[in-house]
Protein chains: 2
Amino acid sequence: MEHFQRVCREAGAKLTPQRLEIFREVAATGDHPDAETIYRRVRKRMPTVSLDTIYRTLWLLVDLGIIQTLGAGGRERARFDANLDPHHHFVCVQCGSTRDFYSKDFDALALPDSLREIGRVEATHVEARGVCLDCAGKAAKAPPGPKSKSKSNTNTRTV
Amino acid sequence: MEHFQRVCREAGAKLTPQRLEIFREVAATGDHPDAETIYRRVRKRMPTVSLDTIYRTLWLLVDLGIIQTLGAGGRERARFDANLDPHHHFVCVQCGSTRDFYSKDFDALALPDSLREIGRVEATHVEARGVCLDCAGKAAKAPPGPKSKSKSNTNTRTV
DNA sequence: GACTTAAGTGATTATAATAAGCATCCTGTG
DNA sequence: CACAGGATGCTTATTATAATCACTTAAGTC
């Protein structure tokens, strides 16, 4: 929570009651709510917030690195995969491209006991995130621009 | 491809040129295209297909288990996660709920060399899919219904 | 503590992806 | 080769998310 305030200050983002409330809500819960759910919950304590502010604040928090999104970055469309062999994914956080890779070790991961209390696992796969060679190459040419505000770079959000 | 035809037969789904073409397209490519992309590609060889058929066919293939979707099942909204500690996810393929779990072993996975040729990895996390205890409990009570057509069970699609 | 100013907010209006309804057409079967 | 029901394509809804814009408010300054 203090972390949150500090990061906001440093980023020049104002501390508004809405943001406080929204962050509190996301941080408080262990499930992984969507914007609509957060909206409903926050509205209980603050009936005037708009859904819009929820969206803006959430993505702001993502941009600040304070929270993350599940999966391949919420705003993406569905993507399909005909590869039914056991395999894993590398996702580029810059361009969003996804490549398969293989690893016998990863295929045979031993599941921790804690999972027993959650459910019965049918399959696991590993998702590696990083920067693909293409994007790394481009970044090397185009100077990074130290102050790059880098707002909302589509495809940049992923867990 | 034969597998595809066999499964369709068994499921009582008709073999149409559109479906053949769409499956061929998805199976042929190593990237993980979205519906729109598949649409564009298929249209080159079959200019009359409708985007609609693409969607219907893709989800049909998913329902038949012939292909899968990336990430948390395309049709989901963005979901947010304030947990920045290294952690992993269990996703219930029935209800879509996602729970965090922890494993030192998973945090320290040794990446295969093949990844070097793809990009620089910044983080990895494991996604375990299965049926959560809640859903397993419900399924035990409600008899499974051997012929359950189980069409489009929202949240059922995930890799 | 009042003043200033840019950032934030909420209401409304777009957009983009995906789904539904329906008339026509085609696959698989007898 | 005729039939029946599923499949297609077209058009029209939905739904989630983003952009606009006028008004408010947080935060730094005197």
Side-chain angles (χ1 to χ4, degrees), chain A residues 4-23 33-40 42-43 46-64 69-80 96 149 151-157, chain B residues 4-23 33-40 42-43 46-64 69-80 96 149 151-157:
Chain A
F4 165 62
Q5 306 199 10
R6 184 154 23 86
V7 174
C8 280
R9 287 270 156 62
E10 285 168 9
K14 289 183 182 168
L15 252 297
T16 68
Q18 289 89 336
R19 288 180 179 172
L20 263 302
E21 209 46 63
I22 291 168
F23 173 72
D34 56 32
E36 198 87 32
T37 303
I38 295 166
Y39 178 47
R40 278 195 301 273
V42 169
R43 218 169 18 168
M46 183 181 270
T48 62
V49 274
S50 71
L51 176 57
D52 213 64
T53 297
I54 304 284
Y55 274 108
R56 279 184 295 214
T57 302
L58 287 173
W59 288 122
L60 171 73
L61 296 183
V62 172
D63 282 338
L64 294 179
T69 63
L70 287 198
R75 46 155 62 69
E76 284 216 339
R77 336 170 184 52
R79 294 171 59 163
F80 299 87
K149 267 240 141 177
K151 293 281 295 188
S152 298
N153 209 332
T154 304
N155 285 334
T156 301
R157 1 191 99 109
Chain B
F4 165 63
Q5 306 198 11
R6 183 153 26 86
V7 174
C8 280
R9 286 269 156 63
E10 286 168 7
K14 290 182 180 166
L15 251 296
T16 67
Q18 288 88 335
R19 286 180 180 172
L20 263 304
E21 207 48 60
I22 291 167
F23 172 71
D34 57 30
E36 198 86 32
T37 302
I38 296 165
Y39 178 45
R40 278 195 301 273
V42 169
R43 218 168 21 167
M46 182 181 273
T48 62
V49 273
S50 71
L51 176 57
D52 213 65
T53 296
I54 304 285
Y55 274 108
R56 277 184 299 219
T57 302
L58 287 173
W59 288 121
L60 171 74
L61 297 183
V62 172
D63 283 338
L64 295 179
T69 62
L70 287 197
R75 49 153 63 66
E76 284 215 338
R77 335 171 185 54
R79 294 171 61 163
F80 299 87
K149 268 241 142 178
K151 291 282 294 188
S152 300
N153 209 336
T154 304
N155 285 336
T156 300
R157 2 191 97 111

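As the structure is a prediction and not an experimental result, all values here were calculated from the model. Convention: sequence-line order gives letters A, B, ...; per-chain numbering from 1.
In this entry the distance linking CG of B/L51 with P of C/dT18 reads 8 Å, nearest Å. For B/D34 and C/dT18, the CG to C1' distance is 12 Å, given to the nearest whole Å. The CZ atom of B/R43 sits 17 Å away from the P atom of D/dT8 (whole-angstrom rounding). Remark: C1' of D/dC10 and OH of B/Y39 are 11 Å apart, rounded to the nearest angstrom. One can place CG of B/D63 at 15 Å from C1' of D/dA7, the figure rounded to the nearest angstrom. Going from atom CD of A/E21 over to atom P of C/dT9 covers 13 Å, rounded to whole Å. The distance between atom CZ of A/R19 and atom P of C/dA7, rounded to the nearest whole Å, is 11 Å. Computed from coordinates, the B/L20 CG to D/dA7 P distance equals 14 Å when rounded to whole Å.
The side-chain hydrogen bond (donor to acceptor under 3.5 Å, both in side chains) test applied to B/R9 returns no partner, not counting sequence neighbours. With sequence neighbours excluded, no residue forms a side-chain hydrogen bond (donor to acceptor under 3.5 Å, both in side chains) with A/Y55.
Seen from the ring of A/F23, A/R19 does not count as a face-on cation partner, given the 6.0 Å and 45° thresholds.
Ranked by how close their nearest DNA chain C nucleotide is to the 5' end, B/E36 and A/S50 are led by A/S50.
Contact between A/V49 and A/Q18 at its shortest, heavy atoms only, is CG1-CG, 3.6 Å. Nearest heavy atoms, B/M46 versus B/E21: CE-CB, 4.1 Å. Of all heavy-atom pairs between A/F80 and B/A35, the closest is CE1-N, 4.2 Å.
Distances shown here put a side-chain N or O of A/W59 below 4.0 Å from the OP1 or OP2 atom of D/dA18. OP1 or OP2 of D/dT17 sits under 4.0 Å from a side-chain N or O of A/Y55. Listed pair B/T48 / D/dT8 fails the phosphate criterion, with no side-chain N or O lying under 4.0 Å from OP1 or OP2. The side chain of B/Q18 places no N or O atom within less than 4.0 Å of a non-bridging phosphate oxygen (OP1 or OP2) of C/dC26.
Side-chain contact check for A/L64 versus A/F4: every heavy-atom pair is 4.5 Å or farther apart.
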Summarise protein proximity over nucleotides 20-30 of chain D in one line of letters, 5' to 3': B for base, S for sugar-phosphate only, - for none, counting protein heavy atoms closer than 4.0 Å. B-----BS---
